[in-house]
Engineer: 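This is the structure I want to talk about, given as structure tokens.
Just so it is clear, the structure is predicted and the values come from calculations on it, not from any experiment. Residue numbers begin at 1 in each chain, while the letters A, B, ... track the order of the sequences.
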Amino acid sequence: MNQYDREAIEAKWQKNWEQWELYHFDKQSTAPVYSVDNPPRYASGPLHVGHATHYTHIDFAARFRWQTGYNVLFPLCVDVNGMPIEVNVEKKHGIHMRDTPRQEFLRLCKEFADENTDQIRTQFNLLGCCMDPSIFYRTDAEQYRRLTQITFLKLYNEGLIYKGLAPVNWCPRCGTALADAEVEYADRESILNYIHFGVSGQDEDAIVATTRPELICTCQLAAVSPKDEKLAHLIGKKLITPIYGKEVDIIADDKVDPEFGTGLVMICSIGDKDDLDWIYKHNLPVENAMDGQGIMTNIAGDYKGMTIKDARAAIIEDLKKQGLLPKQEKAEQSVGSCWRCKTFIEFLQVPQWFLKTLDAREEVLKIADELNWYPEFMKIRLQNWVNSLNRDWVISRQRYFATPIPIWECNSCGDIILAKEEDCYVDPTVDEPPVPECPECGEQLAGCEDVFDTWMDSSISPLYITYWQQDNELHEKLWPCSLRPQGQDIIRTWAFYTILRSHYLKGGKPWNDIMVDGFILAPDGRPMHASDGNVIDPLDLLEKYGSDAWRYYSSTVTIGEDVAIQEKDILHGQRFCTKLWNIHKFISKTIAGPVEVDWSQLRTSDRWLLTQYSRLVKEITRDYEEFHFDRVIRKLEAFIWHVFADHYIEMVKYRMNDDEQDDALAHTLYTVGLGTLKMLAVIIPHITDEIYEQLYKEFDGVQSITVSEWPEPGIEEDIELTRGDVLKDIISAVRNWKSEQGLALSAELEIIEIIGPRIEYLMGSELDIAGTLKAKNVLLMAEAEVIETPVEIKPIHAIIGPKFKQYASEIVKKLAAVEAAEIAPALESGELDIELSNGETVKIERDMVNIIKVPMLDGKEVKSVNVGDLLILIGQEAD
RNA sequence: GGGCUCAUGGUCUAGUUGGUUAGGACUUCGCCUUGACAUGGCGAAGAUCUCCAGUUCAAAUCUGGAUGGGCCCA
């Protein structure tokens, strides 16, 4: 093996995997299937560190299953439907969607999506992801949209979809209804206008404070707080609106904050969420003061045809002229805005398509309970969301680039004609309806111009990837999916809607497991924002440190946690790769394929390592199954670097000469070297595949380590752990001692004497000690002839605590207060009596404390090192 | 305002069921070119485990409260 050439190796293996078609789902295979409902990457915007981390996490789950014998279904997929691409196309070409012919605009959207799709494929390759290009899908493909439309038809026929007038969140700029999830709330400063209203049957005025005076025309009701004494006399009277002169009731309502404005509130349809609540509560009519483009309607009287902003300015001007506006002041207000273009949203009563959601809440919660959530607490978020729902799901959108709603409507009687399932995919804005004219009244039919909310597409991804309505036999075999990985930010959208649709269409859960990932924050611990200048480009890091280093970093990020990214962690990943390379380079000359040996042929050091290795295999397997990638990498790194390399290899270096074959060594190195490499291949596949090819492939026999067989645990012997630990501690203690003395580690020693009761553990390891520490002689003695002086008595809390309970701390204090040398003999010979403050006497036994001793010779300390109760005396050459 | 979640040396973090000296990484300093690795090895320094209260012989760990991040919602 030569130097580790990261760039060449990563490029080579990315190419190999693709050319060898290693990660293709095999429909014919009889192996168990592991299916990943991979989140289609959205085809606009650059690759974010969040993507790069999240997708490698998903890749870990998939690669682990490839290596444990599954037939993995892990599609490469891209999402393109919806507004972000529309907005990007508008920006790119300097056009507006609604000023552009529909089909032309759709062509530009597709073109944009195509360009980005190629880029996404390249980026996934760079990350070393094993997504299957042979089952690639994009959410605008006719096959995909066909399925979305079929689900609509099925749900419609079951009476779960209805068209209704309903107040919806409305973005006047985009001209579309928004789901609640698409509305963002932020505080903004606005002007609170104090306006004189009349009160019927009396001379006095009442003043209402409002930020939306242009909505006075839709005023339906007025309210005061029942606790508000100064306004109590108004309850039951009628309020007369200025300009319009309309009379509305004044009622008492708990929701009114007497401290806000004047304490008198006008309730309009529809200014904000609170208005909506009152309108539902009091069953008031809903009037639209503006149309879909934010232009005032004839309800607004003289202000008809103005924009909302202009109308507000005009009515304020008029009120001022009439002397009805005594005061204006600034006020902080939480205002909803469009998630994409940030325009302030309004509420409009418009015809929309709804999918019944409220009726299914119980069932969705039941399914949520049947899923395994990783981490568990993410389930609570879904439950809270479901329990807080109060509206059905608006599934129609007044946009272009999404799946068309497959219906035609009669221009005259409004009859609805559904597309036929076998005709889907259809675009009603282009395609002919299944019947030439309205069957009810004979009038012309118009294709529906609305499209679906993109979650209508996204929420059938598990149905799509399991060949629902494409290959029913295969679908039944594949359903439900094994895993849904996704971000925590879309629990109440993607996860919720997918469960909902699975319930309606399949009557059960869509997957077995759901893995919910957290957020990657900037190094300063804040979210990354271009405006904060703290955005980190993962492509730069990939270029600088490589894919394996990035994947190493990614594995250290705990699933579901929000963590700040640190560049040094990626650098550390690169160093780990270098270390791994050098370890295998070093042991390569001793690797000679699998060597059968009897356990009895192995030395303590070998058994010590193999026992730990066997336990590691079990733990790592379980950690992978539970998506604890952070634990996997921590344990593997600690074992490979600090057990295998720092201790085992150091212990066996002297055995690694070419002259004689050491079967025990060859067996141990091969087993542990290959086994740990395989477990690492899930996380860092490039370097491990290269090492595998160079060292192990000829014996293990698979084309790529990434599809090799998972390692098996082996023999474990607890006593060997203890024995090996003592051996390891002795060796490292003496090596440290050499280092501290400024001696070379290769410095020869005349003699090493090890004294103490535990030397029995070292029987048989004398050669290892001598060979590793360059000592000419090694002596093991149960008892010392040197005089050891006790210098410290250390209580063992785990024994003293439970035994003496409330007296424990007093005993510990008493032990610390006396000279170690005074009480040590008593402890050694049997027991020590301690008198407590309450007059009682307790016995301290030998095993309740550690006695720390220092060897003395003629009253002087000798060169020695303590390892627990073992004493090591070191004799230097010519000393 | 509500739900969930996090808070550990200067920085980033580990810490299963409470129990010897709170583990690691980065940084800083010192030593070491030891048969693969100086992108390495050894050592030193550095933490009243955010704060307050409680349970307990014993709390980073359990309970309650406060404060401050993050995500989502209102």
Side-chain angles (χ1 to χ4, degrees), chain A residues 1 3-4 6 180-181 183-185 272-274 277 334 336 375-385 387-390 487-493 516-521 523-527 545 549 556-558 560-569 571-590 619 628 630-631 634-635 637-638 641-642 645-646 649-650 653-654 656-657 732 735-747 772-774 794-812 848-850:
Chain A
M1 283 174 77
Q3 285 304 110
Y4 169 46
R6 184 208 104 209
D180 285 349
V183 179
E184 291 173 353
Y185 289 85
D272 59 26
K273 271 268 151 97
D274 291 333
D277 285 345
S334 174
E376 183 78 29
F377 67 77
M378 292 292 183
K379 180 164 84 176
I380 301 169
R381 296 193 185 178
L382 183 89
Q383 291 169 332
N384 290 340
W385 170 245
N387 287 326
S388 72
L389 281 174
N390 55 20
Q488 58 166 328
D489 51 336
I490 49 174
I491 290 174
R492 63 208 173 81
T493 47
V516 183
D517 225 336
F519 247 68
I520 303 296
L521 306 171
D524 56 13
R526 296 181 301 165
Y545 302 106
T556 66
V557 175
T558 308
E561 301 263 298
D562 300 337
V563 295
I565 185 170
Q566 305 294 325
E567 189 166 338
K568 55 134 182 125
D569 292 337
L571 173 66
H572 186 74
Q574 201 184 41
R575 295 197 168 155
F576 177 61
C577 287
T578 308
K579 183 75 183 183
L580 184 72
W581 183 269
N582 284 313
I583 289 170
H584 284 273
K585 185 173 155 189
F586 185 60
I587 64 174
S588 62
K589 46 184 182 270
T590 317
E619 282 182 36
H628 289 309
D630 55 325
R631 294 186 194 173
R634 214 179 307 122
K635 288 174 189 170
E637 179 178 334
W641 199 323
H642 301 297
D646 285 352
I649 290 179
E650 291 300 334
K653 262 183 181 169
Y654 82 100
M656 292 174 72
N657 47 33
S732 62
R735 289 170 66 95
N736 292 357
W737 176 83
K738 280 186 179 178
S739 178
E740 277 167 28
Q741 300 299 308
L743 293 171
L745 289 188
S746 56
T772 308
L773 296 175
K774 308 279 185 231
K794 282 195 171 179
I796 300 173
H797 293 271
I799 296 172
I800 292 181
K803 176 127 185 159
F804 299 111
K805 307 276 181 192
Q806 65 267 36
Y807 305 114
S809 62
E810 190 187 347
I811 291 165
V812 169
M848 295 176 185
V849 294
N850 277 324

Engineer: Is the shortest heavy-atom distance from the side chain of A:Y4 to the side chain of A:L580 under 4.5 Å?
Structural biologist: no
Engineer: Could you list the protein-to-nucleotides 55-58 of chain B atom pairs, N/O on both sides, closer than 3.5 Å?
Structural biologist:
{"residue": "B:C57", "atom": "O4'", "partner": "A:K805", "partner atom": "O", "Å": "2.9"}
{"residue": "B:C57", "atom": "O4'", "partner": "A:Q806", "partner atom": "N", "Å": "2.6"}
{"residue": "B:C57", "atom": "N1", "partner": "A:K805", "partner atom": "O", "Å": "3.4"}

Engineer: Nearest of B:G35, B:G15, B:C71 to any side-chain atom of A:R631?
Structural biologist: B:G15
Engineer: In whole Å, measure the gap between the P atoms of B:C49 and B:U20 for me.
Structural biologist: 15 Å
Engineer: Any strand counts, and the cut-off is 3.5 Å on both contacts for Watson-Crick or G-U wobble. Which nucleotide pairs with B:U20?
Structural biologist: none
Engineer: As a test of reading the structure: which of B:G70, B:A36, B:G40 is closest to the side chain of A:L521, going by heavy atoms?
Structural biologist: B:G70
Engineer: Looking at OG of A:S732 and CG of A:L773, how far apart are the two atoms once the value is rounded to the nearest 0.5 Å?
Structural biologist: 9.5 Å
Engineer: When the P atoms of B:A59 and B:G54 are considered, how many whole Å apart are they?
Structural biologist: 12 Å
Engineer: Just wondering, do A:F586 and A:M656 contact through their side chains at under 4.5 Å, heavy atoms?
Structural biologist: yes
Engineer: Determine the interatomic distance between P on B:A66 and the same-named atom on B:A22; round to the nearest Å.
Structural biologist: 31 Å
Engineer: Check A:Q574 against A:A549 and note the closest heavy-atom contact, atom names and distance.
Structural biologist: N-CB, 3.7 Å
Engineer: Hey, does the side-chain of A:E650 have a donor or acceptor N/O within less than 3.5 Å of a partner on the base of B:A36?
Structural biologist: yes
Engineer: Is the number of heavy atoms from other residues, nucleotides or ligands under 6.0 Å of A:Q3 CD greater than 12?
Structural biologist: no
Engineer: Measure the NZ-CE distance between A:K589 and A:M1 for me, rounded to the nearest 0.5 Å.
Structural biologist: 11.5 Å
Engineer: Which nucleotide wins on minimum distance to the side chain of A:F586, given the candidates B:G70, B:G35, B:U39?
Structural biologist: B:G35
Engineer: If you measure from the P atom in B:A44 to the same atom in B:G2, how many Å do you get, rounded?
Structural biologist: 49 Å
Engineer: Paired with B:U61: which nucleotide, if any, by Watson-Crick or G-U wobble criteria at under 3.5 Å for both distances?
Structural biologist: none
Engineer: Specify the residue among A:R526 and A:Q574 whose closest nucleotide of RNA chain B lies further upstream toward the 5′ end.
Structural biologist: A:Q574
Engineer: Check step by step if side chain to side chain contact (heavy atoms under 4.5 Å, CB included) holds for A:H628 and A:D630.
Structural biologist: CA-CA 5 Å; A:H628 289 309; A:D630 55 325; 4.0 Å; yes
Engineer: Between B:A36, B:G70, B:U5, which nucleotide has the shortest distance from any of its atoms to the side chain of A:P527?
Structural biologist: B:G70
Engineer: Under 4.0 Å between any heavy atoms, over every strand shown, what does A:F576 touch: base, sugar-phosphate, or nothing? Just pick one.
Structural biologist: nothing
Engineer: Rounding to an integer number of angstrom, what distance separates B:C51 and B:G10 when you compare their P atoms?
Structural biologist: 13 Å
Engineer: Checking A:D562 side chain against A:G518 main chain: does a donor-acceptor pair fall under 3.5 Å?
Structural biologist: no
Engineer: Measure the CD-NZ distance between A:E376 and A:K379 for me, rounded to the nearest 0.5 Å.
Structural biologist: 5.0 Å
Engineer: Between A:K585 and A:S388, which has a closest nucleotide on RNA chain B that is more 5'?
Structural biologist: A:K585
Engineer: For nucleotides 11-14 of chain B, list the nitrogen or oxygen atoms of the protein found under 3.5 Å from its nitrogen or oxygen atoms, one pair per line.
Structural biologist:
{"residue": "B:A14", "atom": "O2'", "partner": "A:R634", "partner atom": "NH1", "Å": "3.4"}

Engineer: When rounded to the nearest Å, what value does the distance between C1' atoms of B:U63 and B:U55 take?
Structural biologist: 7 Å
Engineer: Find out whether A:T558 and A:V563 are in side-chain contact, i.e. whether some heavy atom of one side chain is under 4.5 Å from a heavy atom of the other.
Structural biologist: no
Engineer: Determine the Euclidean distance between corresponding P atoms of B:G64 and B:U5; express it in Å to zero decimal places.
Structural biologist: 12 Å
Engineer: In whole Å, what separates the P atom of B:A45 from that of B:G24?
Structural biologist: 13 Å
Engineer: Would you mind telling me which of B:U39, B:U5, B:C37 lies closest to the side-chain atoms of A:N582?
Structural biologist: B:C37
Engineer: What protein N or O atoms touch nucleotides 41-49 of chain B N or O atoms at under 3.5 angstrom, if any, and at what distances?
Structural biologist:
{"residue": "B:G41", "atom": "OP1", "partner": "A:W641", "partner atom": "NE1", "Å": "2.4"}
{"residue": "B:C42", "atom": "O3'", "partner": "A:N736", "partner atom": "OD1", "Å": "2.8"}
{"residue": "B:C42", "atom": "O3'", "partner": "A:N736", "partner atom": "ND2", "Å": "3.3"}
{"residue": "B:C42", "atom": "O2'", "partner": "A:S739", "partner atom": "OG", "Å": "3.2"}
{"residue": "B:G43", "atom": "OP1", "partner": "A:N736", "partner atom": "ND2", "Å": "2.5"}

